Trainee: 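Before anything else, here's the structure in question.
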Amino acid sequence: MSKSKDLSAKAPDKLTKKQAEAELARLAGEIAAHDKRYYQDDAPAVSDADYDALRQRNEAIESAFPDLVRPDSPSGRVGASPSEKFEKVRHAVPMLSLGNAFSDEDMADFRARVMRFLKLTEDDALDLTAEPKIDGLSASLRYEQGKLVLAATRGDGSEGENVTHNIKTIKDIPHKLKTKSPPKVFEVRGEVYMHHDDFAALNKRQEKDGKPVFANPRNAAAGSLRQLDSTVTASRPLRFFAYAWGEVSELPGSTQADVLKALKSWGFPVNERLRVCKNLNDIEVIYGELLEARADLGYDIDGIVYKVNRLDWQDRLGFVSRAPRWAIARKFPAEQAQTVLEGIDIQVGRTGALTPVAKLKPVTVGGVVVSNATLHNEDEIKRKDVRVGDTVVIQRAGDVIPQVVSVIEKKRPKGAKPFKFPKKCPVCDSHAVREVHPETGREDVVLRCTGGLICPAQVIERLKHFVSRNALDIEGLGAKQVELFWDKGVIKNPVDIFQLAGRIAAADLPPLVEWDGFGKTSARNLFAAIDERRTIGLARLLFGLGIRHVGETTARLLARTYGSWVAFRKAMDAAGKKGGDAYDELVSIDGIGPVVAAAIAEFFAEDHNEEVLAGLEAALTTIEDAEAPATESPVTGKTVVFTGALENMTRDEAKVRAEALGAKVSGSVSKKTDILVAGPGAGSKLTKAKDLGVEVMTEDEWLSLIGD
DNA sequence: AACCCTCGAGGTCA
DNA sequence: CTCGAGGGTT
């Protein structure tokens, strides 16, 4: 080692040929080892910068001694397997999440809700299937003509990652459906998980090999499935349970239970504890049974999933935002633990919100070590009377997020004083206030730093938000880099990001390579990523600005309403010139109320925001117009009112269907109404519609219009 | 009152 | 990625 150390200090062109040869051999070995640690063992041993330095040195020596380039030279592998990532796959049918129930009462509510929606009575048999909710990761497997052609992770529900190669290594999953007449298309959905015994054995092996052990089976399964090298996945003992489906050309049955039975016959493992519940009593009994059996199952479950068994009813029930109305997950009570609260930190968020975080003596709960937990706000601390030094009960809500449940007062040390929530921002020392709601006059629960632009914490958080994934999504510019650039005083607002490359080129700033954590490649990639975002979608930009109360959805709503950046700016400006602000215009948008409208109007009335916007307009090449709504139908954009009795569907169903087609459903007839769908017994609304000359149609006419 | 949305937190792996 | 609190909208 000492010999190579000498060499590594020597400039490439000062090396003798023999030394260069030795040095190249050493670098090849070392870089390959780092590659393996990083890509296969998920345990990088060096920083990216050090790694880059190794590669750079290798390249420098190679260029000085071109005839010595090794056949296994690391430079030949640049960008090959290491930088490859999983390809994104859009799910034909989104993979949704489930609503949660925590008690028998919640389950009764769920069942009642379903009955109300379907207009059922106790005489109608409402069967629910019940099965354990496996704690793993969901995947969607697409079979065409009975052959497995694509497998994807859930991702965000609409877009996942292509993990076909890895999925194919799982023995539970058939590559071909065991049936003579396979459907044209069938997407099987289920859970990839790891059995307790396999998990223990895997960790033993990891330990023996000197590799890090996994915290729990779920993480082990997730890590295994996301391996870039599928031979590694193959060596991991993954298993699978099928429980649902996505896009299908035909269904082998008319109930949930039937289809699962068919899946079993096709060669998939289906959980053996699947039951059908006829009534509330069955629902509660199976819960008790499963809770008792939980420890002996051999795999982790975090609850029970109940689904309406009849598929025609599932169709009628449809969805609320991202969850089906026909299914619910009954969660098991969370595991709890006790520990000592050693301190309370105050964090400052992008909107200035001061959030207290409990610093805990590390303790294991539900398989992971917890050392922090959010305390949400001042009131929460008061309500629970949490004091520094207290012994507290903590649990992982939904088995994920650590939270402080309660304080054990008996164990309180003498002299522990109630926590005094700071009245000033811990970062910039500005006053912290509770905002007052303009109409109700109620005070907000969160204290906010009033520092705004002078508060470094807020500015940095806003920058992080600007570059984050759902906003500008600048790759290579994450939280760490934002902080670095801020520390160096180089990036103070979004515009600075786009001027970075230009200023370095103009020698106004030192080249990135001279900075900590940047190598040649990472610098080049960063500039490329920034340039890529000089063309940006309107909704992303609006979201990225970080206007209070304007999240992804509202940003998209604004983008869709105005269509283009120019139109949007004009609306904000024109309204401003009249002496008022854009408020009136904004509140008239459906979905934007007084608070949100005020926040947006204020943002655009602010001079320093105007400055940044002008800078962005100059720096960006194109702000893309909002895309047209996804669905195009005869009723897109029309305002529809339903009145009287509907025969083929409930009012809620009708509303859901119409909205899915891009129509707006309203409760009362006005001159804005385009269509009134009138059933038997329609009264004043029908009269009013006729008066106003609104088009009136029957339920049947409506159904044929929307092509049902 | 139901539902939707923002906002912030923590953990793990790449 | 997931969750929960709490505010906003209808």
Side-chain angles (χ1 to χ4, degrees), chain A residues 37-44 48 82-86 97 99-100 102 109 113 137-138 153-157 160-161 212 214-216 218-228 302 320-323 325 331 334 345 347-358 360 365-377 379-380 383 394-404 435 437-440 442-446 448 461 464-465 469-470 543 546-557 587 589-599 652 664-668:
Chain A
R37 281 189 69 84
Y38 185 81
Y39 293 107
Q40 289 177 31
D41 309 337
D42 310 333
D48 287 357
S83 65
E84 248 177 273
K85 291 206 177 116
F86 293 111
S97 48
N100 292 326
F102 298 95
D109 285 349
R113 211 156 52 228
L137 32 349
S138 21
T153 60
R154 195 185 101 92
D156 65 2
E161 289 177 323
F214 294 97
N216 54 51
R218 200 202 113 86
N219 291 336
S224 301
L225 194 62
R226 303 202 69 248
Q227 291 292 330
L228 293 166
D302 55 358
V320 215
S321 69
R322 284 189 300 282
R325 239 187 297 256
K331 293 298 187 74
D345 269 10
Q347 304 194 353
V348 185
R350 119 175 111 85
T351 62
L354 304 189
T355 312
V357 176
L360 306 165
V365 201
V368 303
V369 178
V370 170
S371 43
N372 300 298
T374 175
L375 291 167
H376 296 115
N377 54 57
D379 290 1
E380 174 87 0
R383 198 156 45 229
I394 64 166
Q395 68 179 21
R396 297 208 302 147
D399 275 338
V400 181
I401 312 292
Q403 63 182 198
V404 175
E435 283 172 5
H437 192 286
E439 291 186 352
T440 63
R442 275 219 307 268
E443 272 194 340
D444 199 348
V445 280
V446 311
R448 289 204 144 78
E461 290 308 309
K464 285 182 193 167
H465 172 76
R469 231 160 61 110
N470 296 324
F543 174 58
I547 305 165
R548 278 289 296 285
H549 301 117
V550 179
E552 268 188 276
T553 308
T554 306
R556 228 173 286 149
L557 173 65
V587 263
I589 299 171
D590 189 20
I592 294 184
V595 176
V596 179
D652 278 351
K664 192 182 154 228
V665 178
S666 162
S668 59

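Quick caveat: nothing in here was measured; it's all calculated off a predicted structure. Per chain, numbering begins at 1; letters A, B, ... match sequence-line order.
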Trainee: His376(A) NE2 to dG10(B) C1': how many Å, rounded?
Mentor: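 To the nearest whole Å, that distance equals 11 Å.
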Trainee: Choose from dT9(C), dC13(B), dA9(B) the nucleotide whose nearest atom is closest to any side-chain atom of Val595(A).
Mentor: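 Per side-chain heavy atoms of Val595(A), the pick is dT9(C).
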Trainee: Between dG4(C) atom P and Lys331(A) atom NZ, what is the distance in whole Å?
Mentor: 7 Å
Trainee: Report yes if a side-chain nitrogen or oxygen of Gln347(A) is closer than 4.0 Å to either non-bridging phosphate oxygen (OP1 or OP2) of dG8(B); otherwise report no.
Mentor: no
Trainee: Are OP1 or OP2 of dT6(B) and a side-chain N or O of Thr554(A) less than 4.0 angstrom apart?
Mentor: yes
Trainee: For the CZ atom of Arg448(A) and the CZ atom of Arg548(A), what is their distance to the nearest 0.5 Å?
Mentor: 3.5 Å
Trainee: Assuming nearest nucleotide by heavy-atom distance, tell me which of Val370(A) and Arg113(A) is located more 5' along DNA chain B.
Mentor: Arg113(A)
Trainee: Report yes if a side-chain nitrogen or oxygen of Arg469(A) is closer than 4.0 Å to either non-bridging phosphate oxygen (OP1 or OP2) of dC1(C); otherwise report no.
Mentor: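 Yes, such a contact exists.
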Trainee: Examine dT6(B): is either OP1 or OP2 under 4.0 Å from a nitrogen or oxygen in the side chain of Arg548(A)? Give yes or no.
Mentor: no
Trainee: From CG of Leu557(A) over to P of dC3(B), roughly how many Å is that when rounded to an integer?
Mentor: 20 Å
Trainee: In this structure, how many angstroms lie between the C1' atom of dG8(B) and the CD atom of Gln403(A), rounded?
Mentor: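 Between C1' of dG8(B) and CD of Gln403(A): 14 Å.
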Trainee: Using OP1 and OP2 only, check whether a side-chain N or O of Ser371(A) sits under 4.0 Å from dG10(B).
Mentor: no
Trainee: If you compare every side-chain N and O of Thr374(A) against the phosphate oxygens of dA5(C) (OP1, OP2), does one of them come in below 4.0 Å?
Mentor: no
Trainee: Provide, to the nearest angstrom, the distance between the CG atom belonging to Asp109(A) and the P atom belonging to dA2(B).
Mentor: 9 Å
Trainee: Return the value, rounded to whole Å, for the distance between atom CD1 of Ile592(A) and atom P of dC4(B).
Mentor: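 Roughly 17 Å, once rounded to whole Å.
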Trainee: Side chain to side chain contact (heavy atoms under 4.5 Å, CB included), that's the test. Do Glu161(A) and Arg226(A) meet it? Break it down for me.
Mentor: CA-CA 9 Å; Glu161(A) 289 177 323; Arg226(A) 303 202 69 248; 2.6 Å; yes
Trainee: Considering heavy-atom distances to DNA chain B, does Thr553(A) or Ala220(A) have its closest nucleotide positioned more toward the 5' end?
Mentor: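 Its nearest nucleotide being more 5', the pick is Thr553(A).
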Trainee: What's the separation between atom CG in Asp302(A) and atom NZ in Lys331(A), rounded to the nearest 0.5 Å?
Mentor: 5.5 Å
Trainee: Please confirm whether the shortest side-chain N or O distance from Arg218(A) to OP1 or OP2 of dC1(C) is below 4.0 Å.
Mentor: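 Arg218(A) to dC1(C) OP1/OP2: no side-chain N or O under 4.0 Å.
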Trainee: Can you identify which nucleotide, out of dC13(B), dG8(B), dA14(B), has its nearest atom closest to the Asn219(A) side chain?
Mentor: dC13(B)
Trainee: Assign Ala353(A) to base, sugar-phosphate, or nothing according to its heavy-atom contacts below 4.0 angstrom with the strands shown.
Mentor: sugar-phosphate
Trainee: Carefully, step by step, assess His465(A) and Phe543(A) under the rule side chain to side chain contact (heavy atoms under 4.5 Å, CB included).
Mentor: CA-CA 9 Å; His465(A) 172 76; Phe543(A) 174 58; 3.3 Å; yes
Trainee: Output the rounded distance in Å from CG (Leu225(A)) to C1' (dT12(B)).
Mentor: 15 Å
Trainee: dT2(C), dG11(B), dG8(B): which one has an atom nearest the side-chain heavy atoms of Arg154(A)?
Mentor: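 From the listed options, dT2(C) comes nearest.
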Trainee: I need the Asn372(A) CG to Asp345(A) CG distance, nearest 0.5 Å.
Mentor: 8.0 Å
Trainee: Report the nucleotide, chosen from dA14(B), dG8(C), dG11(B), that has the shortest atom-to-atom distance to any side-chain atom of Gln227(A).
Mentor: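 Among the listed nucleotides, the one closest to the side chain of Gln227(A) is dA14(B).
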Trainee: Please give me the minimum heavy-atom distance between Val404(A) and Ala358(A), naming the atom from each residue.
Mentor: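 Between these two residues, the closest heavy atoms are CG2-CB, 4.3 Å.
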Trainee: Return whichever of Val587(A) or Val446(A) has its heavy-atom-nearest nucleotide of DNA chain C closer to the 5' end.
Mentor: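 On the 5' side of the pair lies Val446(A).
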Trainee: What contact category does Val369(A) fall into here, base, sugar-phosphate, or nothing, at under 4.0 angstrom with non-hydrogen atoms?
Mentor: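 The answer is sugar-phosphate, as Val369(A) gets under 4.0 Å only of primed atoms, P, OP1 or OP2.
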Trainee: Given Watson-Crick or G-U pairs with both distances under 3.5 Å, what dot-bracket string fits DNA chain B, with | for other-strand pairs and [ ] for crossing?
Mentor: ||||||||||....
Trainee: Just to confirm, is there a sub-4.0 Å distance from OP1 or OP2 of dG6(C) to any side-chain nitrogen or oxygen of Asn377(A)?
Mentor: yes
Trainee: Might you point out which heavy atoms bring Ala220(A) and Ser224(A) nearest each other, and give the distance in Å?
Mentor: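 Taking every non-hydrogen atom into account, O-OG, 2.7 Å.
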Trainee: Given dA9(B), dC7(B), dA14(B), which nucleotide is nearest the side-chain atoms of Arg226(A)?
Mentor: dA14(B)
Trainee: Quickly work out the Asn470(A) CG to dG8(B) P distance and round it to whole Å.
Mentor: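 Going from Asn470(A) (CG) to dG8(B) (P), I get 15 Å.
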